[in-house]
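Computed from a predicted structure; not experimentally measured. Counting starts at 1 for both ligands and their atoms, in listed order.
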Amino acid sequence: MAFLNISGLRKRYGALEILKGIDLELEKGGFLVLVGPSGCGKSTLLNTIAGLETITEGDIRVEDRSIADLHPSKRDIAMVFQSYALYPNMTVSGNIAFGMEMRGVPAEERKQAIDKVAKVLQIGHLLDRKPSQLSGGQRQRVAMGRALVRDPKLFLFDEPLSNLDAKLRVDMRTEIKRLHQTTGKTIVYVTHDQIEAMTLATKIAVMKEGIVQQFGTPAEIYNNPANMFVADFMGSPAMNLLSGKILKGSNGLAVSLERAAGEAMKLPIAPGMASLAAYADRDVIFGIRPEALTDPEGADRNARSVAENDCLIEVVEPAGSDTFAVTKLGGKEVVARLRADARIKAGETARLAFNLDKAVFFDPQTQIRIA
Ligand SMILES: Nc1ncnc2c1ncn2[C@@H]1O[C@H](COP(=O)(O)OP(=O)(O)OP(=O)(O)O)[C@@H](O)[C@H]1O
Ligand SMILES: [Mg+2]
């Protein structure tokens, strides 16, 4: 039995169903990230775990015991909110110790707990300051400290980094990862940032409109997206999703992609994707990530099926460590990720290598992955 088990969970406000049957589980010490666009129900799901929202149907179990009817204070769960309201008149140590004080924890014990948490979060030098004398990232760490001193069974984070600027977000992301590694705590974390999800999670649940679209490890979600929504949502720049047609020839299967001018491009389909034979002469959506579409010198040497083609480059975007190039295929703009020093010019033709081991295919009607 998993440490946290959510089964058949539904949440309705009157006739409006916000969570439409959620099934998830998390092992002890795991880091579950709930990711999805605004309004998909991430916070609502987190709040039902915390007990801040009731559930309409289904169950939430921690260590095989239902917590659905437990008062929030009895759940042994600590939550860090997006707006980490600290008490402005109290010092950092006062803020961290407040809950313990309320529970009548003796002063010496409080001090030890504060020192321990301050060390983990590296805020020892800030303990006597007031929140107004702290940076955003430091305040965020104090808010985490407040949750951490409680040493609960389960931590819930609701977009804790969304108030921070880009650089600080990245730093704090590393801090949270370190915190998880050193404490081994079980965490459920909400974000709409797919990079945060990929870097922090041991398990990701990608949500859309109150439904979990896919639940798996970051690698599973990235490499084997269950449908077009997941493929498009996870990864930056996003996966190229192009209209194509499956052709069956004497040399096996191929996918044909319309070019802006001239004959369609035909890419051989890797032998492992025989299931696509059922789609012969039919339209499909061909998915290829920018990093699987490179200059030939930059192509993955371990790839078994790579096809090179000349493509008219419309835009070149140097990004420091890589260069992105835009071409057009299947009636859409396609982003290729080249080495920084790849010689390429807008308006000219360049040879691009398609790593077809990494290609994925979707049914255009159902949007579900077919190979
Ligand atoms: N008390 C309520 N009554 C009715 N609808 C609500 C209530 N609370 C939330 N909702 C709706 O439920 C949906 C999910 O909201 P929720 O806050 O869980 O989304 P979210 O995924 O956390 O979004 P965000 O990324 O913007 O924080 C939204 O459409 C919201 O308007
Ligand atoms: Mg939210």
Side-chain angles (χ1 to χ4, degrees), residues 4-26 31-60 67-69 71-72 75 77-86 136 139-140 143-144 146-147 154-166 168-170 172-173 176 186-201 203-216 218 221 225-236 238:
L4 170 68
N5 198 295
I6 298 171
S7 55
L9 190 142
R10 288 176 187 274
K11 173 69 184 175
R12 278 190 284 269
Y13 293 108
L16 193 65
E17 192 163 50
I18 304 296
L19 299 175
K20 302 170 183 166
I22 306 279
D23 296 298
L24 292 172
E25 52 177 47
L26 183 64
F31 197 129
L32 169 62
V33 175
L34 309 175
V35 68
S38 186
C40 70
K42 305 179 295 292
S43 296
T44 305
L45 178 54
L46 204 69
N47 290 342
T48 60
I49 302 172
L52 305 175
E53 295 276 6
T54 58
I55 63 184
T56 312
E57 238 181 270
D59 199 8
I60 303 175
I67 59 167
D69 296 323
H71 188 267
R75 294 190 183 200
I77 289 172
M79 183 147 168
V80 179
F81 296 92
Q82 176 178 344
S83 54
Y84 31 81
L86 302 174
R139 278 181 218 168
Q140 185 58 54
M144 284 200 278
R146 227 168 23 178
L154 183 63
F155 279 103
L156 307 178
F157 289 88
D158 193 352
E159 308 227 21
L161 307 185
S162 58
N163 284 333
L164 307 179
D165 66 45
L168 205 49
R169 277 182 84 114
V170 174
M172 284 302 292
R173 197 168 76 197
I176 290 176
T186 313
I187 297 174
V188 183
Y189 186 104
V190 165
T191 180
H192 59 256
D193 182 328
Q194 49 87 22
I195 297 177
E196 228 167 271
M198 289 293 296
T199 51
L200 290 173
K203 287 279 175 64
I204 296 177
V206 183
M207 294 175 64
K208 181 190 166 199
E209 292 167 9
I211 295 172
V212 174
Q213 302 287 314
Q214 191 172 3
F215 176 51
I221 301 261
N227 57 39
M228 282 170 62
F229 175 80
V230 175
D232 184 51
F233 192 78
M234 302 299 288
S236 173

Presence of salt bridge, K203 and E25, under 4.0 angstrom: no
Carboxylate-amine/guanidinium proximity below 4.0 Å for E196 and R169: yes
Shortest heavy-atom approach to [atom] - which of [options]:
| atom | options | result |
| --- | --- | --- |
| atom 25 (O) of ligand 1 | K42, H192, M207 | K42 |
| atom 14 (C) of ligand 1 | G210, S43, G39 | G39 |
| atom 18 (O) of ligand 1 | T48, T44, T191, L16 | T44 |

Atom pair OG1 (T56) and CD (E17), whose distance is rounded to the nearest 0.5 Å: 7.5 Å
Atoms of ligand 1, numbered as shown, that sit under 4.0 Å from any heavy atom of I18: 11 (C), 12 (O), 13 (C), 14 (C)
Proximal ligand 1 atoms for E159, defined as those under 4.0 Å from one of its heavy atoms: 25 (O)
K208 side chain vs G36 backbone, donor-acceptor pair below 3.5 Å: no
Under 3.5 Å donor-acceptor, R75 side chain and A68 backbone: yes
Check: L200 and T191 side chains under 4.5 Å, non-hydrogen atoms: no
Nearest-neighbour protein heavy atom for atom 5 (N) of ligand 1, which is reported as residue plus atom name and distance: Y13 CD1, 3.5 Å
Protein heavy-atom partner closest to atom 24 (P) of ligand 1 - residue, atom, separation in Å: S38 OG, 3.6 Å
Sub-4.0 Å protein heavy atom near atom 8 (N) of ligand 1: yes
Member of L34, I187, V33 meeting the side-chain contact (heavy atoms from CB on, under 4.5 Å) criterion with F157: I187
The Mg ion (ligand 2) contact by S43, N, O or S atom under 2.8 Å: yes
